Amino acid sequence: MGEKKKIMLAIDESDVSHYALEWALSFLKPTISSPLLLFHAQPLPSFSYVYAGYGTAPTELIQSVQEHQTKITEALLERAKEICAREGVIAETLTELGDPKDVICAAAEKFGVDLLVLGSRGLSTLQRTFLGSVSNYCVHHAKCPVLVVKKPA
């Protein structure tokens, strides 16, 4: 078998992300150097709906939303880590706050990963044009090879 690689898997709460994790554990397990980096990009909360009504978001609301997002992120990463442990893979969890496409690419570079693995939502060309695609952005901007795992239909 070839040499072990430092692999980072970007994960979120979507089914395709969970599938990408399962796929990576099934197909890449022999090449994963320990630990597998499980990375979650926590988007900045949007309070634009509050601004429209009040002019500014109350501090308590901002704190409450951030605490809730942190709990969701911790649960997501813990679940992913448990899946890795079940497969005999040691995983480390990392979280960055910001626009997913930007923080994923930055983290891949910061941690010197050999391979970035992402799930694909399977957006149409029109949807990608208007919504953007994190995986497409990372393919074009990450400074390491990127593997996009597409869930079968």
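Values below: every heavy atom of this structure, side chains too, minus hydrogens, waters and symmetry copies. What you see is a predicted model, and the numbers here were worked out from it, not measured in a lab.
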For the student: nearest non-hydrogen atoms of [X] and [Y], plus distance:
| X | Y | value |
| --- | --- | --- |
| Lys101 | Cys138 | O-SG, 4.1 Å |
| Leu25 | Lys29 | O-CB, 3.1 Å |
| Leu38 | Leu77 | O-CD2, 4.0 Å |
| Pro100 | Ala41 | CA-CB, 3.5 Å |
| Ile11 | Ala80 | CD1-CB, 3.6 Å |

Taking C-beta and beyond as the side chain, do Lys150 and Val16 meet within less than 4.5 Å on heavy atoms?
no
Is the closest side-chain heavy-atom distance between Tyr19 and Pro152 below 4.5 Å?
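SC-SC contact between Tyr19 and Pro152 confirmed.
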Rounded to the nearest 0.5 Å, how far does [atom2] of [Y] lie from [atom1] of [X]?
| X | Y | atom1 | atom2 | answer |
| --- | --- | --- | --- | --- |
| Glu13 | Arg79 | CD | CZ | 10.0 Å |
| Phe111 | Glu92 | CZ | CD | 7.0 Å |
| His141 | Asn136 | NE2 | CG | 9.0 Å |
| Ser17 | Glu22 | OG | CD | 11.0 Å |
| Cys105 | His140 | SG | NE2 | 11.5 Å |

Hydrophobic clusters here meaning ILVMFWY residues chained together by side-chain heavy-atom distances under 4.5 Å, can you tell me if [X] and [Y] are in one?
| X | Y | value |
| --- | --- | --- |
| Leu37 | Leu28 | no |
| Val134 | Leu147 | no |
| Val113 | Val103 | yes |
| Met8 | Leu118 | yes |
| Leu97 | Leu76 | no |

The single option from Lys4, Glu3, Lys5 passing side-chain contact (heavy atoms from CB on, under 4.5 Å) against Ser33
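Result for side-chain contact (heavy atoms from CB on, under 4.5 Å) with Ser33: Lys4.
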Test side-chain contact (heavy atoms from CB on, under 4.5 Å), reference Leu9, set Ile32, Leu115, Leu21, output is Leu21
Are side-chain N/O atoms of Thr73 and Gln42 paired as donor and acceptor at under 3.5 Å?
yes
Quick check on Ile72: does its CD1 atom have over 12 non-hydrogen neighbours (other residues, nucleotides or ligands) under 6.0 Å away?
yes
Looking at Lys110 and Glu96, is there a salt bridge between them, counting it only when a charged N and a carboxylate O are closer than 4.0 Å?
yes
Decide yes or no on side-chain contact (heavy atoms from CB on, under 4.5 Å) for Ile7 and Thr31, but give the supporting numbers first.
CA-CA 9 Å; Ile7 298 175; Thr31 63; 4.1 Å; yes
His40 and Asp12: side-chain contact (heavy atoms from CB on, under 4.5 Å), yes or no, with the steps?
CA-CA 6 Å; His40 178 70; Asp12 63 19; 4.2 Å; yes
For side-chain contact (heavy atoms from CB on, under 4.5 Å), just list the numbers for Ile104 and Phe39, CA-CA rounded to whole Å, side-chain angles, deciding distance to a tenth of an Å, and then say yes or no.
CA-CA 8 Å; Ile104 290 169; Phe39 182 84; 3.7 Å; yes
